[in-house]
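One structure is given here, and the rest of the page talks about it.
The residues of the chain are indexed from 1 along the displayed sequence.
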Amino acid sequence: MLSVFHYSSMLSTILILTLFIFISIFFIAPHIIIFHPQPIPPSDELDDVTLFNLALSNSNKLSHLSSNNHNLKLAFLFLTNSNLFFTPLWELFFHNHPTILYNIYIHADPFVNLTLPSSPLFHNRLIPSKRTFRASPTLISATRRLLAHSLLDDPSNAYFLVLSQYCIPLHSFNYVYNSLFISNTFDLSQRQPQPDPIRLSYKSFVEILSDGPRLWKRYVARGRYAMMPEVPFNKFRVGSQFFTLTRKHALLVIKDRKLWKKFKIPCYREDECYPEEHYFPTLLSMSDPDGCTNYTLTNVNWTGTVNGHPYTYRPNEVSPDLINRLRESNYSESYLFARKFTPDCLEPLMQIAKSIIFRDSN
């Protein structure tokens, strides 16, 4: 009887331990497991360096904008890992505007099964792309790749607008183009109004913030001293990965090797690591703070953020009132783009595209 009791006790202990391990794996471990993402493959790094050097060596001397420049173009850079859901809306945005005013480039994750638009507007606009992962430096590489290809492709590309598949335009093409190249009142952050009828100074519209509730945790996500000495904490910045760069700053980004060496280091924790939100604002803030507005032209709603994602608009929220509210900005005359919209928002957006979104008078 004693041996039977002993065996039964051992069996109970094993069952309790098994249950504890099960609970730990599914309920406790996710909160304490350290995240070890894979670094960028050396072959991808070599390809990028070759591309960047080629773009730098072939780029013309136009590293700034002035009112004497002619045929200046907007380069629209779409960074996506899924279908471009709002293609019909973008087709209306570009409709009847000659390609001497713009170019389109798409970086699409080749490991994702997606269907590129059949529209002639997007034909042959896909650049050679590499795999991307959320919360990793691969998103920095993809953006730099877009910049390099657009610099190589057309020396008339003067402003570079980074967008996602969830972005929508809030104004007509004419409004966007005139705001960036012509208007001398669009940028409200200018200390003094410019007397000239055409703006003579041009800045990059990139969000640069020096504070945040989790900034320190993000800074040490690779290790307490991993960013030193190149990036001390008082130089570490945060901002939206969707921005508009001048040609001068696009060249600066693909030329950088010093800060990239630090930001490509994998993080230990995924939930504290968003390199694409830090690399660009930190680099530009350290290199040319006076050449940046410190704000973005893409409206993002961070109210009720979930798992690092911004608020997502759904079809029943799409209305003229929403578009007008999304345009409101304290830094410029208007936001030009907005995110994040679910794919099924396309139909209600198309219903108000001509009457609301693309009306220049609004």
Next item on the list: Please determine which of Leu283, Leu284, Val162 meets the side chain to side chain contact (heavy atoms under 4.5 Å, CB included) test together with Val206.
Entry: Leu284
Next item on the list: Please determine which of Leu151, Ile140, Leu147 meets the side chain to side chain contact (heavy atoms under 4.5 Å, CB included) test together with Val253.
Entry: Leu147
Margin query: Tell me which one of Phe263, Phe236, Trp260, Phe233 satisfies ring-ring contact (aromatic ring centres under 6.0 Å, His included) with His278.
Written below: Phe236
Note to self: Tell me which one of Tyr295, Tyr335, Tyr331, Phe337 satisfies ring-ring contact (aromatic ring centres under 6.0 Å, His included) with Phe205.
What the structure shows: Tyr295
Check whether any side-chain N or O of [X] sits under 3.5 Å from a backbone N or O of [Y] as a donor-acceptor pair, and report yes or no.
| X | Y | result |
| --- | --- | --- |
| Arg247 | Asn157 | yes |
| Arg257 | Ile254 | yes |
| Arg327 | Leu170 | yes |
| Tyr219 | Val231 | yes |
| Thr298 | Leu163 | no |
| Asp187 | Ser189 | yes |
| Arg359 | Ile357 | no |
| Asn299 | Leu326 | yes |
| Gln165 | Thr80 | no |
| Thr132 | Asp109 | no |

Do [X] and [Y] have side-chain heavy atoms sitting under 4.5 Å apart?
| X | Y | result |
| --- | --- | --- |
| Glu317 | Tyr311 | yes |
| Leu101 | Leu74 | no |
| Thr143 | Leu77 | no |
| Leu245 | Ser204 | yes |
| Arg237 | Ser210 | yes |
| Thr246 | Tyr159 | yes |
| Ser141 | His107 | no |
| Val318 | Tyr313 | no |

Would one find more than 12 heavy atoms of other residues, nucleotides or ligands at under 6.0 Å from atom [atom1] of [X]?
| X | atom1 | value |
| --- | --- | --- |
| Phe94 | CZ | yes |
| Lys255 | NZ | no |
| Asn316 | CG | yes |
| Glu347 | CD | no |

Margin query: The test is side-chain contact (heavy atoms from CB on, under 4.5 Å); show your working for Leu51 and Leu152 and say whether it passes.
Written below: CA-CA 9 Å; Leu51 170 65; Leu152 266 174; 3.7 Å; yes
Reported [atom1]-to-[atom2] distance for the pair [X] and [Y], which is rounded to 0.5 angstrom:
| X | Y | atom1 | atom2 | value |
| --- | --- | --- | --- | --- |
| Leu146 | Tyr105 | CG | OH | 10.0 Å |
| Cys292 | Phe243 | SG | CZ | 10.5 Å |
| Ser136 | Ile40 | OG | CD1 | 7.0 Å |

Margin query: Run Tyr279 and Arg144 through side-chain contact (heavy atoms from CB on, under 4.5 Å) and show every step you take.
Written below: CA-CA 11 Å; Tyr279 172 74; Arg144 297 176 86 199; 3.8 Å; yes
Residues [X] and [Y]: side-chain donor-acceptor under 3.5 angstrom:
| X | Y | value |
| --- | --- | --- |
| Thr185 | Glu333 | yes |
| Asn174 | Ser172 | no |
| Ser319 | Asp321 | no |

Checklist line | salt bridge (charged side-chain N to carboxylate O under 4.0 Å, His left out) pairs, two or more places apart, involving residues 156-172 | finding: none
Next item on the list: Name all pairs fulfilling the salt bridge (charged side-chain N to carboxylate O under 4.0 Å, His left out) condition that reach into residues 153-162, sequence neighbours left out, sorted by first residue then second.
Entry: Lys73-Asp154
Note to self: Checking Glu45 now: which residues fulfil salt bridge (charged side-chain N to carboxylate O under 4.0 Å, His left out) with it, not counting sequence neighbours?
What the structure shows: Lys264
Note to self: If the condition is salt bridge (charged side-chain N to carboxylate O under 4.0 Å, His left out), which residues does Asp47 pass it with, not counting sequence neighbours?
What the structure shows: Lys130
Smallest separation among heavy atoms of [X] and [Y], with atom names:
| X | Y | value |
| --- | --- | --- |
| Tyr202 | Leu180 | CE2-O, 3.3 Å |
| Glu207 | Ser240 | OE1-N, 2.9 Å |
| Leu259 | Asp256 | N-OD1, 3.1 Å |
| Met350 | Leu92 | CE-CD1, 3.7 Å |
| Cys273 | Ala221 | CB-CB, 4.4 Å |
| Leu89 | Pro169 | CD2-CD, 3.8 Å |

Check: Out of curiosity, does Phe111 fall in the hydrophobic cluster containing Leu139 (side-chain heavy atoms, cut-off under 4.5 Å, transitive links)?
Finding: no
Next item on the list: Check the hydrophobic clustering (I, L, V, M, F, W, Y; side-chain heavy atoms under 4.5 Å; chains of links allowed) and say if Phe242 and Phe133 are grouped together.
Entry: no
Check: Among pairs that include at least one residue of residues 87-101, which meet side chain to side chain donor-acceptor pair (under 3.5 Å), considering only residues two or more places apart or in two chains?
Finding: Glu91-Ser119
Check: Residues sharing Val300's hydrophobic cluster, by side-chain heavy-atom contacts under 4.5 Å among ILVMFWY, directly or via others?
Finding: Trp302
Margin query: Quick one, Cys345 with Phe85, criterion side-chain contact (heavy atoms from CB on, under 4.5 Å). Give me CA distance, side-chain angles, the key distance, then yes/no.
Written below: CA-CA 9 Å; Cys345 286; Phe85 307 113; over 6 Å; no
Check: Taking it one step at a time, do Ser150 and Asn103 satisfy side-chain contact (heavy atoms from CB on, under 4.5 Å)?
Finding: CA-CA 8 Å; Ser150 54; Asn103 283 304; over 6 Å; no
